[in-house]
There are 2 protein chains.
Amino acid sequence: MASERRATADPARSLAILWRTREPTSRSAGLALTVDRIVRAAIAIADAEGLDALTMRRVAEALGVGTMSVYTYVPGKAELVDVMIDTAYGEMPREAVAGDWRARLERIARDNLALYRRHPWMLRAETTRPVLGPHLVAKYDHELSAVADIGLTDVEMDAVLTLVLGHVKSAARAASEVVDLERETGMTDGQWWQSHAPWLERFMSAGSYPTAARVGTAAGQQHGAAYGPEYAFEFGLQRVLDGISVVVAERAAAGEPA
Amino acid sequence: MASERRATADPARSLAILWRTREPTSRSAGLALTVDRIVRAAIAIADAEGLDALTMRRVAEALGVGTMSVYTYVPGKAELVDVMIDTAYGEMPREAVAGDWRARLERIARDNLALYRRHPWMLRAETTRPVLGPHLVAKYDHELSAVADIGLTDVEMDAVLTLVLGHVKSAARAASEVVDLERETGMTDGQWWQSHAPWLERFMSAGSYPTAARVGTAAGQQHGAAYGPEYAFEFGLQRVLDGISVVVAERAAAGEPA
DNA sequence: CGGGACGGCGTACGGCGTACGGCCCGTTGT
DNA sequence: ACAACGGGCCGTACGCCGTACGCCGTCCCG
């Protein structure tokens with residue numbers, strides 16, 4: 001009963017792929033494909049040409065196999081993307097970071113930004129459900145160590161991480177959009193703006209929203225300098241860390257006198 | 001020369017639709033369609049069934065016209081989504097908010113959260129290029145007024161807004177994913193977790209990553225209570241505002257003695 | 001009252017994800 | 001040694017999608 005649609009609601013299968021649970025049989029040598037080869041090919045395509053270019057046919061072609069062969073190893077495209085994501089997380093540094101919590105968190109933020117820069121498709125890979133692969137767990141554990149032992153509750157530690165990583169993702173997305181715009185329209189950000197400005201000015205009937213126009217122009221000029229997203233990241237990160245330091249200080253003050 | 005692909009790189013056309021520049025001709029009465037009717041129908045579909053259910057055929061069907069008729073008013077789906085976004089922004093409150101900058105920013109954050117709750121598809125509507133419609137401009141202007149006159153530079157004002165709105169979007173997305181997961185799998189968050197947990201435990205070979213397991217469980221329990229995302233939003237918002245207050249205080253201190 | 005512009009849309013094309021069923025070959029049981 | 005089997009591989013096909021193209025009918029303007 002129930003169950004209805006949604007083909008692969010099979011947790012065991014999906015998780016097994018994520019965790020590479022697959023004892024090598026006597027048969028497995030000499031096979032044309034492996035999950036790893038598929039995932040690597042898929043990531044290469046997405047890195048080079050974006051998520052839209054990632055199709056099952058394209059992946060199969062890159063591997064020199066028939067399209068449907070891929071489905072022998074992966075239940076569907078959604079699951080493939082899940083494994084791609086977890087694999088990408090596996091590339092991140094895991095060494096313990098020196099310094100106080102702020103330095104550690106800052107480092108983690110930059111590591112994540114670097115990841116998104118290397119794999120911009122991750123910013124668009126909307127995965128409804130959590131991935132729960134080995135590398136995500138390892139990443140989570142590693143990042144938790146940056147905020148452990150500074151007086152926060154478990155829930156707060158998670159919330160701090162969520163906040164910082166959320167900011168990184170937002171900033172990375174903004175930066176990536178500038179690049180996408182160029183690729184999609186063939187114009188630089190400045191050119192695009194110039195081609196729209198005259199029309200926009202006409203519609204806005206000069207003088208309405210003076211504040212928006214002034215600030216928008218100021219922000220837009222930075223933006224065009226391809227330094228705007230960078231600034232937004234840095235500014236926001238420091239603000240976020242400042243905000244976190246308030247709680248940390250509170251907890252420290254509450255803990256010591258007792 | 002140049003120009004190449006990308007069908008509608010015509011700024012005038014796109015902007016004209018966004019701004020509803022269309023002097024009513026003698027003909028226009030009695031027409032079956034208008035951009036507004038199309039956009040309203042599209043938003044209704046996306047609100048009710050999500051962005052995946054939004055297809056041009058579906059929109060046309062809802063309006064009782066042939067699929068291709070929609071293209072008479074809108075160059076393509078991407079532009080339709082742009083107009084949907086700008087239209088949704090038009091629903092937001094615009095009254096001046098009382099209180100200090102913090103109260104004003106907090107209000108703005110909650111207004112944006114409410115918008116995303118009403119129109120979760122906006123969280124997935126990735127629009128490479130900026131929308132630049134009338135309601136977005138009005139919204140921007142309105143939100144700038146919350147941070148004007150507190151000593152920030154233009155660029156900083158923009159960055160503050162970006163930071164706050166980015167956080168809202170992140171939190172809203174997290175909240176929306178819980179709902180999507182339920183709709184997609186037919187299980188509640190708790191059920192989904194329960195069906196995955198035993199497998200996950202087996203793979204993690206009990207004992208590795210104790211921190212991640214503990215904190216993840218704590219955070220996950222909140223999550224399951226459908227109160228987790230709420231908490232993450234509130235916690236993050238206060239942290240962000242705390243962080244902003246540091247700059248504001250700095251600027252105030254630097255400004256007064258001079 | 002004739003001509004042209006434009007709203008409306010049927011058809012068709014190329015692409016997608018993927019269900020299904022068959023082929024073929026290595027492995028295993030006798 | 002050989003038969004039976006299972007599983008990797010994949011050709012074909014289906015039902016979606018966005019949308020290019022060109023026809024048709026109607027209404028406006030001269």
Side-chain angles (χ1 to χ4, degrees), chain A residues 5-10 13-14 16-17 22-38 41-42 45-46 49-82 84 125-127 184, chain B residues 5-10 13-14 16-17 22-38 41-42 45-46 49-82 84 124-126 184:
Chain A
R5 74 199 70 239
R6 203 43 61 187
T8 311
D10 178 6
R13 174 87 196 276
S14 297
I17 295 171
R22 175 96 151 172
E23 61 274 27
T25 70
S26 58
R27 187 86 173 280
S28 59
L31 288 192
L33 256 38
T34 63
V35 172
D36 277 286
R37 291 224 313 131
I38 292 171
I45 293 170
E49 303 178 47
L51 249 199
D52 292 341
L54 183 75
T55 70
M56 298 303 266
R57 286 173 228 265
R58 197 92 160 53
V59 171
E61 186 191 342
L63 292 164
V65 300
T67 304
M68 294 310 293
S69 300
V70 178
Y71 286 88
T72 306
Y73 295 83
V74 158
K77 191 182 183 181
E79 289 81 2
L80 173 56
V81 173
D82 283 352
M84 291 169 63
E126 303 278 1
T127 286
E184 206 172 312
Chain B
R5 72 199 70 236
R6 202 44 59 189
T8 311
D10 179 6
R13 174 86 196 277
S14 297
I17 295 171
R22 173 96 151 175
E23 60 274 29
T25 69
S26 57
R27 188 86 174 280
S28 59
L31 287 192
L33 256 37
T34 62
V35 172
D36 277 285
R37 291 225 312 134
I38 292 171
I45 292 170
E49 303 178 47
L51 206 51
D52 292 342
L54 184 75
T55 71
M56 297 304 266
R57 285 172 229 265
R58 197 91 161 54
V59 172
E61 187 191 341
L63 292 164
V65 301
T67 304
M68 294 311 293
S69 301
V70 177
Y71 286 88
T72 306
Y73 295 84
V74 158
K77 191 182 181 180
E79 289 80 1
L80 172 56
V81 173
D82 283 351
M84 289 168 65
R124 301 209 189 272
E126 304 279 0
E184 204 173 313

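From a predicted model like this one, the values you see are computed outputs, not experimental measurements. Basis for what follows: all heavy atoms, side chains included, without hydrogens, waters or symmetry-related copies. Chain letters run A, B, ... following the sequence lines, proteins first and then strands; every chain starts at 1.
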| request: State which residues pass side-chain contact (heavy atoms from CB on, under 4.5 Å) with A:A16; sequence neighbours excluded, sorted by chain then number. | output: A:T21, B:F203
| field | Degree of bending, the helix from C:dC1-D:dG30 to C:dT30-D:dA1 (end axes from five pairs; round to 10°) | value | 0°
| task | Measure the distance from NZ on B:K77 to P on D:dC17 and round it to the nearest whole Å. | result | 9 Å
| request: Tell me what B:L80 touches on the nucleic acid: a base, only sugar-phosphate, or nothing, going by heavy atoms under 4.0 Å. | output: nothing
| request: Could you tell me which residues satisfy side-chain contact (heavy atoms from CB on, under 4.5 Å) with A:T34, sequence neighbours excluded, listed by chain and number? | output: A:D36, A:R37
| With the sugar-phosphate defined as primed atoms, P, OP1 and OP2, and the base as all remaining atoms, what B/S/- string results for nucleotides 3-11 of chain C, 5' to 3', for protein heavy atoms under 4.0 Å? | ---BSBBBB
| message | With side-chain hydrogen bond (donor to acceptor under 3.5 Å, both in side chains) as the rule and sequence neighbours excluded, what pairs involving residues 52-67 of chain B come up? | response | B:E49-B:R58
| request: Figure out the OH/P separation between B:Y71 and D:dC23, and round it to whole Å. | output: 21 Å
| remark: To the nearest angstrom, the CD-C1' distance between A:E61 and D:dG11 comes to 16 Å
| Which part of the nucleic acid, if any, lies within reach of A:L63 when heavy atoms closer than 4.0 Å are counted: base, sugar-phosphate only, or nothing? | nothing
| said: Are the side chains of A:P75 and A:I17 in contact, using a 4.5 Å heavy-atom criterion? | reply: yes
| task | Could you pull out all residues at least two apart from A:Y73 that satisfy side-chain contact (heavy atoms from CB on, under 4.5 Å)? | result | A:R22, A:L31, A:L33, A:V35, A:I38
| Minimum-distance pair of heavy atoms, taken over all atoms of B:I45 and B:A53 | CG2-O, 3.8 Å
| remark: Residues at least two apart in sequence or cross-chain that pass side-chain contact (heavy atoms from CB on, under 4.5 Å) with B:A42, listed by chain then number, are B:L54, B:V59, B:L80, B:M84
| said: Side chains of B:R13 and B:E79, heavy atoms from C-beta outward: is any pair under 4.5 Å? | reply: no
